[in-house]
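Here is the structure we will look at, set down as structure tokens.
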Amino acid sequence: MCYIDELSPSARAQFVAQGQSAIAGGAAVEAFRALGVEHLPTLGPEDTFDKVAGAIGQIIQPTEETAGRLVAVATLFGEDEAPRVVELRQDLFEEIETLAMASLRRIVGRISDHRATDADLAWLLTEAETLTDEMVLMANPFDGDQGDAVELRRQVVRARKPWACHWTKRLIAVGERHLAITETYEGRMLTTRHSLLSVYLDVAGEDPAVAIELAPAEHRRAA
């Protein structure tokens with residue numbers, strides 16, 4: 001059984017209808033974006049719901065961000081159905097997280113051995129997009145390695161121009177959400193930028209060092 005099959009008929013019907021509306025450029029596209037779905041035409045209803053469910057599962061504490069997600073849930077599933085959708089997703093959250101963590105452990109092992117596949121990276125990028133701003137800000141990419149550094153500011157921002165991720169050296173494209181950290185180090189002020197992929201390997205994978213294994217060999221040697 002797919003997770004979407006556990007929705008009530010009315011909630012599923014509205015969700016599918018709103019997905020079709022969003023693909024056509026309707027207002028529902030903003031509700032999907034609020035729940036982390038940017039590319040609806042490439043996803044079917046089952047995959048779309050699984051991706052949306054990740055954001056719903058993080059509606060625990062009442063913050064400005066989660067309040068916006070609750071409004072999005074009501075838009076996509078119906079106001080009357082929204083509480084039951086959230087309750088269902090909370091029940092499923094632990095199960096999905098357990099499966100995701102098992103997959104992540106295997107992928108991290110392949111990254112460490114330089115055997116990661118394109119499918120591994122695609123999975124990581126999809127999961128990384130579900131990180132909330134609060135989760136991104138929890139990242140500790142240097143893990144205490146810069147003893148003399150003094151952090152001045154950290155922000156979740158969208159790129160105004162292309163950047164390279166500090167650890168992976170992968171492109172951070174214009175408009176892409178990422179973590180920017182400004183600090184003083186060895187008498188200099190500098191800002192490093194960390195892609196969601198790098199942050200996910202730190203926050204979810206609990207291994208900030210593994211991100212560098214995705215960088216070109218010459219960068220790995222220099223680090």
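As the structure is a computational prediction, the values presented were derived from the model and not from experiment.
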Apply side-chain contact (heavy atoms from CB on, under 4.5 Å) to F142 and H166, showing your working.
CA-CA 10 Å; F142 300 110; H166 180 76; 3.5 Å; yes
Got a second to check how far T48's OG1 is from F15's CZ, nearest 0.5 Å?
5.5 Å
Looking at side-chain heavy atoms only, is the closest gap between M189 and E183 below 4.5 Å?
no
Just so I know, are the side chains of R193 and W163 near enough to count as touching, which here means a heavy-atom distance under 4.5 Å?
yes
If hydrophobic clusters are built from ILVMFWY residues whose side chains come within less than 4.5 Å, do L7 and L70 share one?
yes
Side-chain heavy-atom pair T184, L190 within 4.5 angstrom cut-off:
no
Enter the distance from K161:NZ to I172:CD1 here, rounded to the nearest 0.5 Å.
12.0 Å
Minimal heavy-atom distance between A180 and V157, with the atoms involved, is CB-CG2, 4.1 Å
Examine M101 and V203 and state if one hydrophobic cluster contains both, with Ile, Leu, Val, Met, Phe, Trp and Tyr joined whenever side-chain heavy atoms are less than 4.5 Å apart.
yes
Just jot down the salt bridge (charged side-chain N to carboxylate O under 4.0 Å, His left out) partners of R154, sequence neighbours excluded, or say none.
E151
Closest non-hydrogen atoms of A74 and Q14, given as atom of the first, atom of the second and distance, are O-NE2, 4.0 Å
How long is the gap from OG1 on T168 to CD1 on I111, to the nearest 0.5 Å?
10.5 Å
Show the nearest heavy-atom pair for residues A173 and A159, with the distance to one decimal.
O-CB, 3.3 Å
Give me the atom names and distance for the closest heavy-atom approach of W167 to P141.
NE1-O, 3.2 Å
Indicate, with yes or no, if L125 and V199 share a hydrophobic cluster defined by side-chain heavy-atom contacts under 4.5 Å among Ile, Leu, Val, Met, Phe, Trp and Tyr.
yes
List the atom pairs, donor and acceptor, that lie under 3.5 Å between side-chain atoms in residues 24-32 and the rest of the protein, sequence neighbours left out.
residue: E30; atom: OE2; partner: R33; partner atom: NH1; Å: 2.9

Which residue pairs pass the side-chain hydrogen bond (donor to acceptor under 3.5 Å, both in side chains) test with at least one member in residues 118-127, sequence neighbours excluded?
R110-D120, T117-D120
Within the 4.5 Å heavy-atom criterion, are R160 and V174 side-chain neighbours or not?
no
Minimum heavy-atom separation for P45 to I4, with atom names?
O-CD1, 3.6 Å
Would you please test Y200 and V136 for side-chain contact (heavy atoms from CB on, under 4.5 Å) and show each step?
CA-CA 8 Å; Y200 181 74; V136 173; over 6 Å; no
State, yes or no, whether a side-chain contact exists between S112 and V108 at a heavy-atom distance under 4.5 Å.
yes
Heavy-atom check, side chain of L124 versus side chain of L104, under 4.5 Å
yes
Verdict with supporting geometry, V210 and D202, side-chain contact (heavy atoms from CB on, under 4.5 Å):
CA-CA 8 Å; V210 78; D202 178 2; over 6 Å; no
In Å and rounded to the nearest 0.5 Å, what is the OG to CD distance from S195 to E176?
6.5 Å
Please list, chain by chain and in numerical order, all residues satisfying salt bridge (charged side-chain N to carboxylate O under 4.0 Å, His left out) with R115, sequence neighbours excluded.
D113
Do V16 and V73 sit in the same hydrophobic cluster, where Ile, Leu, Val, Met, Phe, Trp and Tyr count as joined when their side-chain heavy atoms come under 4.5 Å apart?
no
Run M138 and T132 through side-chain contact (heavy atoms from CB on, under 4.5 Å) and show every step you take.
CA-CA 10 Å; M138 290 169 56; T132 65; over 6 Å; no
Side chains of L179 and L196, heavy atoms from C-beta outward: is any pair under 4.5 Å?
no
Could you work out, with side-chain hydrogen bond (donor to acceptor under 3.5 Å, both in side chains) as the rule, every residue matching T192, not counting sequence neighbours?
H194
Are V156 and H178 side-chain neighbours, meaning at least one heavy-atom pair lies under 4.5 Å?
no
Under the rule for salt bridge (charged side-chain N to carboxylate O under 4.0 Å, His left out), what residues qualify as partners of R84, not counting sequence neighbours?
E81
Between OG1 of T182 and CZ of R153, what distance do you get to the nearest 0.5 Å?
4.0 Å
F77 side, atom CZ; S8 side, atom OG - distance, nearest 0.5 Å
9.5 Å
